[in-house]
Asks: 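This structure is in structure tokens; I'll ask about it shortly.
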6 protein chains.
Amino acid sequence: MKYGARNQLTGKVTEIKKGTMMCQVKLEIPADSKMSSVMTIDSLDDLNIREGDSVKVVVKAVNVLLVKE
Amino acid sequence: MKYGARNQLTGKVTEIKKGTMMCQVKLEIPADSKMSSVMTIDSLDDLNIREGDSVKVVVKAVNVLLVKE
Amino acid sequence: MKYGARNQLTGKVTEIKKGTMMCQVKLEIPADSKMSSVMTIDSLDDLNIREGDSVKVVVKAVNVLLVKE
Amino acid sequence: MKYGARNQLTGKVTEIKKGTMMCQVKLEIPADSKMSSVMTIDSLDDLNIREGDSVKVVVKAVNVLLVKE
Amino acid sequence: MKYGARNQLTGKVTEIKKGTMMCQVKLEIPADSKMSSVMTIDSLDDLNIREGDSVKVVVKAVNVLLVKE
Amino acid sequence: MKYGARNQLTGKVTEIKKGTMMCQVKLEIPADSKMSSVMTIDSLDDLNIREGDSVKVVVKAVNVLLVKE
């Protein structure tokens, strides 16, 4: 299985909350993981980050896809 | 600082790759981070997952926002 | 009408399901259609695909916009 | 393989265009594919669509994920 | 023309920047535009906002669709 | 606070609507604002826009992130 996405973490389901049509799955990421962000160079210049810097990584839950292999 | 997003991890920048207009920032995420996914209940039924199950967590890098606090 | 998006298919509504605040519209795509995916070259290298290959095309329903012309 | 997404089409790669860091993969989708859109009920009311109606289905290419099974 | 999206602003193009495959269009939006955000109630509770509060509205440029009517 | 996103507007909350699991926050953008859209050059060619042109700016509400500073 090969995915055309830079972020592929392994998660463990800790809770499932159901609404009427949508639901929310909570996960724990057990191991150290790698992630990537793509942005414009204009945004990178605004952020003013360098290798070694600590940053907040924010993702809306609707953009997180789960796959059961 | 409060973010209206379920996924707020702390990452360490490991590499910055620049194209002509876009760039890619690679990050390391420590173990035991928490994430969430929102989907339709139809999708949850297809996935057929339960608490304790292991899943693949896939996110396109364009949907990952970095913030420098 | 011109849209700044690579994917513009024609669909026929087959079902509408309403939750309390969100809803889900199911569609049939009657004719052969063209689609496009944009990703990093790193992701393309991982996928290892070539012209003529068959791939799975996955899109979360929240990222599908309907327009009534 | 189970995906937590409502849209899972089968496509055939017809062209790959590379930039410096990003690339674009063009695909052909066979007729009679099924798709879904999730939106607010407010948006549905604005659209004013019913079963049987024809609509335009618009997706930005960055939100299309390819998987090679 | 009816769009199934809560955010439909009118903008004026002020600059177009081209990369090798991607480009960036800068816009000016007039005062008194209306916008909407959809999130989980969990996220709303974290934000702790009420009517009348001032908030930062953040959108990645890849998720902004332009249409020429 | 620095955000890696091209769109950072200031909004005032005018209404909050709650569903069972998701909610919708309506906003007013009081001042003239700047926005940006990133797309493929192919999409730009289709749009056929120039500086000074007026365009519709469409964003699905799920892709709008609110931050309380």
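Each chain gets a letter, A, B and so on, in the order the sequences are listed, and its residues count up from 1.
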Asks: When you look at NZ of D/K56, are more than 12 heavy atoms from neighbouring residues, nucleotides or ligands closer to it than 6.0 Å?
Replies: yes

Asks: Relative to chain A, which of D/V67, D/V38, D/V62 shows the most heavy atom pairs under 4.5 Å?
Replies: D/V67

Asks: Let me know if A/V25 has heavy atoms under 4.5 Å from chain D in its side chain, its backbone, both or neither.
Replies: neither

Asks: Check this for me: D/K68, atom NZ, are more than 12 non-hydrogen atoms of other residues, nucleotides or ligands nearer than 6.0 Å?
Replies: yes

Asks: When rounded to the nearest 0.5 angstrom, what distance separates CE in D/M1 from CD in A/E69?
Replies: 5.0 Å

Asks: For the residue pair A/L65 and D/A5, what are the closest heavy atoms and their distance?
Replies: CD1-CB, 3.6 Å

Asks: Taking atom NZ of A/K12 as the centre, does the number of heavy atoms from other residues, nucleotides or ligands within less than 6.0 Å exceed 12?
Replies: no

